[in-house]
Q: 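Sharing a structure with you now.
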Amino acid sequence: MNATLKLGTINKLKIDRSSDHGLYLVTNNGEEDVLLPQAYVTDKMQIGEEIDVFLYTDSEDRIVATTKTPKAMLGEFGLFEVVDTTDIGAFVDWGLSKDLFVPKSVQKTPYQMGKKYILRVAYDAQTERLFGDSRIGRYLEHDSASMRHLKVVDIFIIAKTPLGFKVIANNLYEGMIFSNEIFETVNIGDHKKGYIKKVRDDGKFDISLQPIGADREAIDRQKIITLLNDKKHLPFNYKSDAEVIKKMFGLSKKSFKKVLTSLQNDEIITIDDSGITLK
């Protein structure tokens, strides 16, 4: 890979000159340049200006720039749909004009047109190309000691299991969200914020979609107050159905009742048979 142009990531490059094909961008030292095709050029772009672009290779393996952001960049995971298959591999849509190649050697089973697969965007040093890799495990770390400082992580939902959903946290760690702790819609391929409940001895996380402890209660309180600021009265109380509470507030009935008691004790709301009212 070029030492100054970082393939598969966002680069800040300076607009050096224009051509019939687009704008040529250069690195800070001016030693390397790359084309931003005319399709991505706007009237606001000026010679000498620095812009953020994503770098990848075109059909002739030349490094090119785009102002578009792919579904996942180098080192990230994503859910990709297959748009073409060949004898040597498959191509998946990653949001750019050129599709991402997935070699047959890294496919767990032969890919099928129209189906979606979890992949990591990787780099092949021999061919100097980006590719999609389904061998997720080889990219994950399981050193529990180095993970214990983490409290909040970015999670990517990769699979549904009888226990809940498997996730990848911070593109490095494996985790699980348990079904009985999910109070919102979750789908494979979703990106969400997660809160670490426990680091297991096998180097995997138990993760919650809600903040832990006092932080969680503060957020739950504000969620109800915000709804009441808009409507003043909500037809919910301690006797409301758990599924209805989950759908409306994204809370378990136990958490909902705890928040109601807290708000009532602080004289922020009143509760009666008709529901809750903001004072």
Q: Before accepting this row, confirm whether a basic side-chain N of the pair Glu50/Lys14 lies closer than 4.0 Å to the acidic partner's carboxylate O.
A: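 Looking at Glu50 and Lys14, the cut-off is not met.
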Q: Is it true that Arg17 and Asp33 have a side-chain N and a carboxylate O under 4.0 angstrom from each other?
A: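 So Arg17 pairs with Asp33 through a salt bridge.
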Q: Considering only NZ, NE, NH1 and NH2 on the basic side and carboxylate oxygens on the acidic side, decide whether Asp52 and Lys12 come within less than 4.0 Å.
A: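 Result for this pair is yes, salt bridge flagged.
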Q: Quick one, Phe205 with Tyr173, criterion ring-ring contact (aromatic ring centres under 6.0 Å, His included). Give me CA distance, side-chain angles, the key distance, then yes/no.
A: CA-CA 8 Å; Phe205 286 134; Tyr173 309 107; 5.5 Å; yes
Q: Do the side chains of Glu49 and Lys44 get close enough for a salt bridge, i.e. N-O under 4.0 angstrom?
A: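 Salt bridge: no.
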Q: Within the distance-only criterion (no hydrogens, no angle test), does the side chain of Ser240 pair as donor or acceptor with the backbone N or O of Asn237 below 3.5 angstrom?
A: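 Yes; judged by distance alone, with no hydrogens or angles, the pair exists.
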Q: Tell me every residue that passes salt bridge (charged side-chain N to carboxylate O under 4.0 Å, His left out) with Asp84, counting only those two or more places apart in sequence or in another chain.
A: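 For Asp84 there are no salt bridge (charged side-chain N to carboxylate O under 4.0 Å, His left out) partners, ignoring immediate neighbours.
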Q: Flag the pair Asp93 and Lys71 as a salt bridge only when some basic side-chain nitrogen lies within less than 4.0 angstrom of an acidic carboxylate oxygen.
A: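 Yes.
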Q: How is the hydrophobic cluster of Leu35 composed, in terms of its other members, when Ile, Leu, Val, Met, Phe, Trp and Tyr link through side-chain heavy atoms under 4.5 Å apart, directly or indirectly?
A: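 Its cluster mates, by chain and number, are Tyr24.
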Q: Under 4.0 Å between a Lys/Arg side-chain N and an Asp/Glu carboxylate O for Asp154 and Lys193?
A: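 Not counted as a salt bridge, because no side-chain N and carboxylate O are separated by less than 4.0 Å.
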Q: State which residues pass ring pair (Phe, Tyr, Trp, His ring centres under 6.0 Å) with Phe156; sequence neighbours excluded, sorted by chain then number.
A: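 So Phe156 forms a ring pair (Phe, Tyr, Trp, His ring centres under 6.0 Å) with His191.
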Q: Tell me, do Arg200 and Asp206 make a side-chain contact under 4.5 Å, heavy atoms counted?
A: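 Touching, per the 4.5 Å side-chain cut-off.
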Q: Without swapping roles, check the side chain of Glu76 against the backbone of Met73 for a donor-acceptor pair under 3.5 Å.
A: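 It does hold such a pair.
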Q: Hey, mind stepping through Phe91 and Lys98 against side-chain contact (heavy atoms from CB on, under 4.5 Å) and telling me if it holds?
A: CA-CA 9 Å; Phe91 290 90; Lys98 181 191 175 186; 5.8 Å; no
Q: Decide, yes or no, whether a salt bridge links Lys197 with Glu181 under the criterion of side-chain N to carboxylate O below 4.0 Å.
A: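 Yes, Lys197 and Glu181 are salt-bridged.
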Q: We want to know whether Arg221 and Ser262 form a side-chain donor-acceptor pair, criterion being a heavy-atom distance below 3.5 angstrom.
A: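 Distance-only check passes for Arg221 and Ser262.
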